[in-house]
Undergrad: 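I have a structure here, written as structure tokens, and I will follow up with some questions on it.
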Amino acid sequence: MGGEISFLLNNTEIRLTEAGSRDTLLDFLRLNRRLTGTKEGCAEGDCGACTVLVGRLHHGALRYEPINACIRFLASCHGCHVVTVEHLRGPDGGLHPVQAAMVEHHGSQCGFCTPGFVMALYGLWMQNPRPDMLAIETALQGNLCRCTGYEPIVKAAFAASEAGGQNFDALTVERDRVTAALAAIPAERVEVARGEDRAILPADAADLAAVLADNPKATIVAGATDVGLWVTKFLRDISPAVFIGHLADLKHIHITPGHITIGAGVTYTEFEPFVLQHFPEALDYWRRIGGWQVRNAGTIGGNVANGSPIGETPPLLIALGATVRLRSTEGTREVAVEDYFIDYGKQDRRPGEFVESVTVPLKGDARIAAYKVSKRHHADITASAAAFRVETDGATITSARVAFGGMAATPKRAARAEAALKGQPFTAETFEAAAQAVGGDFQPLSDWRATAEYRQHLAANFFRRFWLEQSGAEHRLRRVE
Ligand SMILES: Cc1cc2nc3c(=O)[nH]c(=O)nc-3n(C[C@H](O)[C@H](O)[C@H](O)COP(=O)(O)OP(=O)(O)OC[C@H]3O[C@@H](n4cnc5c(N)ncnc54)[C@H](O)[C@@H]3O)c2cc1C
Ligand code: FES
Ligand code: FES
């Protein structure tokens with residue numbers, strides 16, 4: 001077992017024998033290393049002012065992604081290369097092409113958000129040298145600017161791509177050296193502490209089971225996009241915290257002829273190409289989960305395990321008939337995702353267990369759809385979400401699974417509405433009957449996101465929307481317009 005957190009910060013090797021579970025990367029950068037280019041705005045993953053790049057080995061290849069340093073815990077940086085805005089420079093030692101483009105196109109006024117924008121655009125510039133408007137908008141979902149406006153920033157993104165220079169960038173030139181340095185960090189259990197406050201990084205999934213058997217009350221931390229806020233907003237104690245974001249054996253994605261199994265540690269970004277390939281109808285829904293930084297850190301296992309009634313993967317996973325695999329030193333067991341959610345804040349997870357993977361049946365010929373309504377299009381919390389999986393034999397609906405988020409204490413199927421669909425003709429009248437029936441399925445709450453009445457309207461309208469899209473009527477309507 002090791003007793004040292006070890007990572008690269010820009011050009012510097014960091015070794016820490018003392019660290020608490022709640023220490024954030026942002027505090028370490030600003031307070032300890034005086035790297036104050038990285039800003040603190042919201043401290044909850046919403047504004048992007050704290051964006052840094054984190055490079056890590058993914059199946060042996062070094063990959064850099066923008067993340068929010070405010071909700072990233074320091075201990076989870078073990079084995080990573082953290083890159084801050086101070087590391088950027090152009091080929092002549094002056095401004096980096098992304099920074100130069102921001103200056104040239106007046107992409108900054110007060111400048112507080114600017115380092116975060118620069119880092120998100122730097123991440124995009126390296127991953128996608130010729131981004132289109134959609135790629136730029138997607139990369140900037142997690143960055144808020146309140147004085148410049150986005151148009152000059154988008155222009156700067158296009159200009160930076162024109163400028164090129166990726167081959168001469170420090171992260172390209174130093175790739176082999178950094179890869180070797182990260183690969184040399186041994187894959188062993190690491191434990192550090194500050195006083196009683198403990199942070200544990202297991203060596204692999206089997207070791208995770210052993211750690212949890214010894215510490216059944218420990219807090220599991222994957223991407224920390226939920227747990228981070230427990231600390232920064234609610235000042236909660238999470239010790240002992242068991243960090244799992246680095247575990248390669250929770251990051252596998254296996255495809256068989258009928259199913260796809262997703263390791264619990266797979267992030268939204270890592271799974272996005274598979275959504276595109278196997279569930280393209282859900283791609284827009286997927287890209288509206290959090291912002292880019294959140295999707296680079298947040299995991300599918302974390303979203304399910306968290307058990308939030310407004311988590312976005314559960315309605316989709318339930319509609320698709322997915323199962324969750326739980327593991328402990330006692331062995332593994334498989335539970336339908338819909339049965340995993342018992343009540344508000346209560347899931348079918350025993351002490352010592354962790355979510356190992358989620359298995360999703362491939363959709364075959366089924367018609368699927370996923371919808372989210374929130375006050376803001378991107379990076380906002382759901383008022384209500386719905387996912388559909390409907391099979392027909394041509395004229396008749398042979399099976400229907402429709403699951404909702406934001407309508408009850410847990411993500412839940414709409415049993416009455418499903419019954420109104422099953423065995424019925426695939427017609428507008430049938431979907432209208434289901435739209436009426438769903439009113440009896442849920443008694444939603446009113447809160448600051450939406451009133452109960454509004455949520456009921458949304459639920460009914462999702463059925464109408466599904467029909468319009470699936471029947472082609474929506475296209476006909478659009479042509480008439
Ligand atoms: C700005 C912002 C926007 C967001 N937008 C959305 C959104 O649009 N839609 C949405 O659904 N969510 C959203 N979230 C919430 C969050 O990103 C997701 O719930 C995410 O999937 C959580 O994954 P994580 O890996 O970060 O989990 P963590 O924060 O690490 O953990 C979450 C919970 O799951 C537990 N856990 C994690 N992994 C496991 C495991 N393998 N086994 C057992 N328990 C485990 C933890 O103990 C904790 O209880 C947002 C969060 C932020 C900060
Ligand atoms: S400070 Fe706002 S996202 Fe981190
Ligand atoms: S330049 Fe002031 S918030 Fe963006």
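Numbering of ligands and ligand atoms starts at 1, following listing order.
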Undergrad: What pairs of donor and acceptor atoms, side-chain ones from residues 111-120 against any protein atom, are under 3.5 angstrom apart with sequence neighbours left out?
TA:
{"unit_1": "Thr114", "atom_1": "OG1", "unit_2": "Ser108", "atom_2": "OG", "d": "2.8"}
{"unit_1": "Thr114", "atom_1": "OG1", "unit_2": "Gly111", "atom_2": "O", "d": "3.3"}

Undergrad: Does any N, O or S atom of Cys42, backbone or side chain, fall under 2.8 Å from atom 4 (Fe) of ligand 2?
TA: no
Undergrad: Given side chains that start at C-beta, do those of Val438 and Phe404 come closer than 4.5 Å, heavy atoms only?
TA: yes
Undergrad: Quick check on Lys412: does its NZ atom have over 12 non-hydrogen neighbours (other residues, nucleotides or ligands) under 6.0 Å away?
TA: no
Undergrad: Closer than 2.8 Å to atom 2 (Fe) of ligand 3, what protein N/O/S atoms do you find?
TA: Cys110 SG, Cys147 SG
Undergrad: Do Glu330 and Arg350 come close enough that some side-chain heavy atom pair is under 4.5 Å?
TA: no
Undergrad: Out of Gly228, Gly41, Gly291, indicate the one that has the non-hydrogen atom closest to atom 1 (S) of ligand 2.
TA: Gly41
Undergrad: Under the side-chain contact (heavy atoms from CB on, under 4.5 Å) test, which residues partner Thr323, sequence neighbours left out?
TA: Glu334, Thr359
Undergrad: Counting only heavy atoms not in Lys346, do more than 12 fall under 6.0 Å of its NZ?
TA: no
Undergrad: Check whether any N, O or S atom of Cys70 sits under 2.8 Å from atom 4 (Fe) of ligand 2.
TA: yes
Undergrad: Would you confirm whether the ring centroid of His81 sits within less than 6.0 angstrom of the ring centroid of Tyr64?
TA: yes
Undergrad: Which residue is it: Phe466, Phe279, Phe462? I am looking for the one with a ring-ring contact (aromatic ring centres under 6.0 Å, His included) to Phe388.
TA: Phe466
Undergrad: Within a radius of less than 6.0 Å around CD of Glu151, do more than 12 heavy atoms belonging to other residues, nucleotides or ligands occur?
TA: no
Undergrad: Using only heavy-atom distances, determine whether the side chains of Thr84 and Glu86 contain a donor-acceptor pair under 3.5 Å.
TA: yes
Undergrad: Name the closest protein heavy atom to atom 3 (S) of ligand 2, giving the residue it belongs to and the distance to 0.1 Å.
TA: Gly48 N, 3.2 Å
Undergrad: Applying a 4.0 Å heavy-atom criterion (strictly less than), which segment of Asp46 is in contact with ligand 2: side chain, backbone, both, or neither?
TA: backbone
Undergrad: Under 3.5 Å, is there a donor-acceptor pair between the Tyr268 and Glu312 side chains?
TA: no
Undergrad: Answer side chain, backbone, both or neither: which part of Ala69 comes under 4.0 Å from ligand 2, heavy atoms only.
TA: neither
Undergrad: Who's touching ligand 1 if we go heavy atoms under 4.0 Å?
TA: Glu44, Gly45, Asp46, Ile71, Ile220, Val221, Ala222, Gly223, Ala224, Thr225, Asp226, Val227, Leu229, Trp230, Ile244, Ala264, Tyr268, Arg288, Ile289, Gly290, Val294, Gly298, Thr299, Gly302, Asn303, Ala305, Asn306, Gly311, Glu312, Arg349, Phe354, Val355, Lys372, Asp380
Undergrad: Among Leu208, Leu201, Asp207, find the one that has a side chain to side chain contact (heavy atoms under 4.5 Å, CB included) with Arg189.
TA: Asp207
